[in-house]
Amino acid sequence: MRICVYPGSFDPFTLGHLDVLKKAITLFDKVYVSVLNNSAKNPVFTVEERVRMIEQIVESEGLENVKPSSFGGLLVDYVDRVGAGYIIRGLRAITDFEYEFQIDAMNSRMNPSVNTVYFMAKPEHSFLSSSMIREIASFNADLKGLVPDCTIDFVAERLRKK
Ligand code: ADP
């Protein structure tokens, strides 16, 4: 059975993340979408809120064999714990490459048996980032076409400047 972990902050989950997830489903029997519990990143949404949103997205999109979860500590240890052999990451512009290149080098050093597979989002979502969503949502911008429909209201309400 081919199992992979798609880790991220997902603060919040965007349509770019969804594109990458849908591509991963075509190659793997089981995909863990795993929210990194890292308080150093100062996330806006709690880990529980992010996992809940991913659960709603998985349900409303009818995605099979996807397991929303969260983890702390080293990613390669978590990958081992769930019995996965692969990590999924997404690539946008060249800027992502530099960062992903460094993470991959370190992960490979710590656990050479785990490989990372990279996907790109659809071109129309390739500019999307969670930080951009947080920024524009704070000014009440319309989130349609940027985050999955079923999470728009929750994300907008939480990010709107009061
Ligand atoms: P992290 O904090 O681990 O980078 P993110 O939630 O920002 O977590 O992103 C998770 C993964 O999804 C990363 O590999 C990131 O490059 C990728 N990703 C994010 N947005 C997009 C997008 N629009 N297109 C392709 N990949 C993306």
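Throughout, numbering of the chain's residues begins at 1 and tracks the sequence. Indexing begins at 1, ligand by ligand and atom by atom, following the structure's order.
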| Between Leu91, Val20, Asp19, which is the residue that forms a side-chain contact (heavy atoms from CB on, under 4.5 Å) with Met120? | Leu91
| said: Please list, in number order, the atoms of ligand 1 under 4.0 Å from a heavy atom of Leu128. | reply: 20 (N), 21 (C), 22 (C), 23 (N)
| field | Nearest-neighbour protein heavy atom for atom 8 (O) of ligand 1, which is reported as residue plus atom name and distance | value | Ser9 N, 3.0 Å
| query | Counting only heavy atoms, which portion of Tyr6 has something under 4.0 Å from ligand 1: side chain, backbone, both, or neither? | reply | side chain
| request: Report yes or no: do Val58 and Val31 belong to one cluster of Ile/Leu/Val/Met/Phe/Trp/Tyr joined by side chain heavy-atom distances under 4.5 Å? | output: yes
| note | protein heavy-atom neighbour closest to atom 24 (N) of ligand 1 works out as Ala121 CB, 3.2 Å
| Atom indices of ligand 1, in the order listed, that fall short of 4.0 Å to a heavy atom of Gly16 | 22 (C), 23 (N)
| said: Evaluate Ser126 for polar contact with ligand 1, using N/O atom pairs at a separation under 3.5 Å. | reply: no
| request: Consider every N or O of Asp11 and every N or O of ligand 1, then say whether any pair is closer than 3.5 Å. | output: no
| request: Check ligand 1 against Asp96 and write out every atom of the ligand that is under 4.0 Å from a heavy-atom position of the residue. | output: 16 (O)
| note | Honestly, for Arg89 the part within reach of ligand 1 (heavy atoms, under 4.0 Å) is both
| message | For atom 7 (O) of ligand 1, what's the nearest protein heavy-atom neighbour? Residue, atom name and distance, please. | response | His17 NE2, 4.3 Å
| query | Who's the nearest protein heavy-atom neighbour of atom 27 (C) of ligand 1, and how far? | reply | Arg92 NE, 4.0 Å
| Charged N-O contact under 4.0 Å between Glu55 and Arg52 | yes
| request: Would you mind listing which atoms of ligand 1 come within a distance below 4.0 Å of any non-hydrogen atom of Val20? | output: 25 (C), 26 (N)
| remark: Honestly, for Met120 the part within reach of ligand 1 (heavy atoms, under 4.0 Å) is neither
| task | Specify whether Phe13 and His17 have parallel, tilted or perpendicular ring planes, treating 30° as the upper limit for parallel and 60° as the lower limit for perpendicular. | result | tilted
| task | Flag yes if Phe10 and Met132 sit in one hydrophobic cluster, no otherwise; membership is Ile, Leu, Val, Met, Phe, Trp, Tyr, and two members link when side-chain heavy atoms are under 4.5 Å apart. | result | yes
| Just which atoms of ligand 1 are under 4.0 Å from any heavy atom in Phe10? | 6 (O)
| field | For the student: nearest non-hydrogen atoms of Leu159 and Val44, plus distance | value | CD2-CG1, 3.5 Å
| Considering only the protein, which heavy-atom contact is closest to atom 16 (O) of ligand 1, and what is its distance? | Gly90 O, 2.7 Å
| message | Under a 3.5 Å threshold, yes or no: a donor from one side chain and an acceptor from the other, between Asn65 and Asp29? | response | no
| request: State plainly whether one hydrophobic cluster holds both Leu18 and Val117, where clusters connect Ile, Leu, Val, Met, Phe, Trp and Tyr through side-chain heavy atoms under 4.5 angstrom apart. | output: yes
| For ligand 1, is there an N or O atom under 3.5 Å from any N or O atom of Ser130? | no
| task | Assert yes or no for the condition that the ring centre distance of Tyr86 to Phe28 is strictly below 6.0 Å. | result | yes
| request: Could you state whether Leu75 and Leu36 fall into the same hydrophobic cluster, counting links through intermediate Ile, Leu, Val, Met, Phe, Trp or Tyr residues with side-chain heavy atoms under 4.5 angstrom apart? | output: yes
| query | Does even one non-hydrogen atom of Phe13 get within less than 4.0 Å of ligand 1? | reply | no
| Any idea how Phe154 and Phe45 line up, ring-wise: parallel (<30°), tilted (30 to 60°), or perpendicular (>60°)? | tilted
| said: Polar contacts were defined as any N/O atom of the residue lying under 3.5 Å from an N/O atom of the ligand; does this apply to Thr14 and ligand 1? | reply: no
